[in-house]
Undergrad: 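My questions will all concern the structure given below.
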Amino acid sequence: MKTKVLIGIPTLSSVHTLLMTVIVSWIAEAFNTGLYNLSLYPTVNISPVEKARNDIVKWFMESDCTHLLFVDSDTIPPVNAIMKLLALDKPIATAMTPIVEFNEQTRNYWRKWNCVGMNDIHMQPDTGIQQCKGAGSSCILIRREVFEKMPQPWYEFRHKDDNGKEKEISEDIMFVIKALSMGIETWADTSLLCQHSKTVLY
């Protein structure tokens, strides 16, 4: 069966120019190699983000695509991301993206990576292929079978954990947690490092 990848971009209004240049390179790669087909679906003015992600999944499930690649509109993946994520041959495969936050104590901006290992520690670059306990969805490849097995809603923002304790869990982290509870593993290629655009490019 031909590999068919849908690129889903949850966006309110705009997509970073550098992301579009990467997508153009992916289109050329798909055409020149014939290894996969590629299609694109960006949402327009759908919020909050979990609603946008669910809208993309519904579109994906109505297509004949085999894989969904979520890419956030402010994320710039490496040009080899699709080939390397497909090569992992996992139900869910992810690249890593820096999360940029303001540290109140040091009064500086700092970053951590958006993948958490099975040891509950944020992963570091170039540390091999690792299984994730949690991962963001800024650049993540998901097989169709995952959505077929998972009950809807696929993406939901949680304000409480399963014990009723107040704890905010983002919709993308929650997705990976739900998948893991069903025995569906997520793996990260820690050599795939995305850039993240905020006020500057990280």
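Side chains included, hydrogens not; waters and symmetry mates left out as well; all remaining heavy atoms used.
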Undergrad: Considering only heavy atoms from C-beta outward, does the side chain of Phe70 approach that of Val57 to under 4.5 Å?
TA: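 The answer is yes; the side chains approach within 4.5 Å.
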Undergrad: For Lys178, I'd like to know if atom NZ has over 12 heavy atoms of other residues, nucleotides or ligands within 6.0 Å.
TA: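 Counting neighbours around NZ of Lys178, more than 12 heavy atoms of other residues, nucleotides or ligands fall under 6.0 Å, so yes.
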Undergrad: State, to 0.1 Å, how close Pro77 and Val22 come at their nearest heavy-atom pair, and which atoms those are.
TA: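 In terms of heavy atoms, the two residues are closest at O-CG2, 3.5 Å.
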Undergrad: Taking Asp74 as the fixed residue, which of Gln195, His16, His196 is the one that meets the side chain to side chain donor-acceptor pair (under 3.5 Å) rule?
TA: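 So, applying the side chain to side chain donor-acceptor pair (under 3.5 Å) to Asp74 and each of Gln195, His16, His196, only His196 qualifies.
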Undergrad: Between Trp154 (side chain) and Phe175 (backbone), is there a donor-acceptor pair under 3.5 Å?
TA: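 Judged by distance alone, no pair lies under 3.5 Å.
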Undergrad: Taking all heavy atoms of Lys149 and all of Met182, pick out the closest pair and write down the distance.
TA: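 Looks like O-CE, 3.2 Å.
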Undergrad: Would the distance check show the side chain of Thr43 and the main-chain N or O of Ala52 forming a donor-acceptor pair, the cut-off being under 3.5 Å?
TA: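 Side chain of Thr43 to backbone of Ala52: no pair is present.
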Undergrad: Taking Thr33 for the side chain and Leu35 for the main chain, is one N or O donor matched with an acceptor at less than 3.5 Å?
TA: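 At least one qualifying donor-acceptor pair exists.
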Undergrad: Hey, quick one: are Met150 and Met174 part of the same hydrophobic cluster, counting side-chain heavy atoms closer than 4.5 Å, chains of contacts allowed?
TA: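 Met150 does not cluster with Met174.
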Undergrad: Donor-acceptor pair, Thr190 side chain versus Thr127 backbone, under 3.5 Å?
TA: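 Yes: the side chain of Thr190 pairs with the backbone of Thr127.
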Undergrad: Can you name the closest pair of heavy atoms from Cys65 and Ser39 and give their distance?
TA: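 Nearest pair, atom of Cys65 first, then Ser39: SG-OG, 3.7 Å.
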Undergrad: Are Lys90 and Asp189 ion-paired here, with the side-chain N under 4.0 Å from a carboxylate O?
TA: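 Looking at Lys90 and Asp189, the cut-off is not met.
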Undergrad: List the residues meeting side-chain hydrogen bond (donor to acceptor under 3.5 Å, both in side chains) with Arg144, not counting sequence neighbours, and say none if there are none.
TA: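 With neighbours one apart ignored, the set is empty.
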Undergrad: Whether the side chain of Thr66 engages the backbone of Lys4 through a donor-acceptor N/O pair (distance < 3.5 Å, no angle test) should be reported.
TA: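 Yes, Thr66 side chain to Lys4 backbone: donor-acceptor pair under 3.5 Å.
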Undergrad: Strictly distance-based, threshold 3.5 Å: is any side-chain N or O of Asp55 a donor or acceptor partner for the main-chain N or O of Lys51?
TA: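 No; zero donor-acceptor contacts below 3.5 Å.
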Undergrad: Using ring centroids (six-membered ring only for Trp), state whether Tyr36 and Phe31 fall under 6.0 Å.
TA: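 They do not qualify: ring centres at least 6.0 Å apart.
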Undergrad: Does this structure show an ion pair linking Asp89 with Arg143, if we count only N-O contacts that are shorter than 4.0 Å?
TA: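 Between Arg143 and Asp89 there is a salt bridge, with a charged N closer than 4.0 Å to a carboxylate O.
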Undergrad: Tell me if a side-chain donor or acceptor on Asn119 pairs with a main-chain N or O of Ile121 at a distance below 3.5 Å.
TA: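 Answer holds: yes.
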Undergrad: Do you reckon Phe60 sits in the same ILVMFWY cluster as Val71, going by side-chain contacts under 4.5 Å, direct or chained?
TA: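 No, separate clusters.
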Undergrad: Just how far is it from atom CD1 of Ile92 to atom OG1 of Thr186, taken to the nearest 0.5 Å?
TA: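 It is 3.5 Å, given to the nearest 0.5 Å.
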Undergrad: Under 3.5 Å, is there a donor-acceptor pair between the side chain of Thr97 and the main chain of Cys194?
TA: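 Looks like no, no N/O pair under 3.5 Å.
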Undergrad: side-chain contact (heavy atoms from CB on, under 4.5 Å) between Ile82 and Leu141: does it pass, once the steps are laid out?
TA: CA-CA 8 Å; Ile82 289 182; Leu141 184 73; 5.9 Å; no
Undergrad: Got a donor-acceptor contact below 3.5 angstrom from the Asp172 side chain to the Gly136 backbone?
TA: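 No, the answer is negative, given that no donor and acceptor are paired below the 3.5 Å cut-off.
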Undergrad: Do any N or O atoms from the side chain of Lys133 and from the backbone of Val176 form a donor-acceptor pair under 3.5 angstrom?
TA: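 Between the backbone of Val176 and the side chain of Lys133 there is no qualifying donor-acceptor contact (under 3.5 Å).
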Undergrad: Would you name the heavy atoms of Cys115 and Thr94 that are closest together and state the gap between them?
TA: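 Smallest heavy-atom distance, with atoms named: SG-CG2, 3.8 Å.
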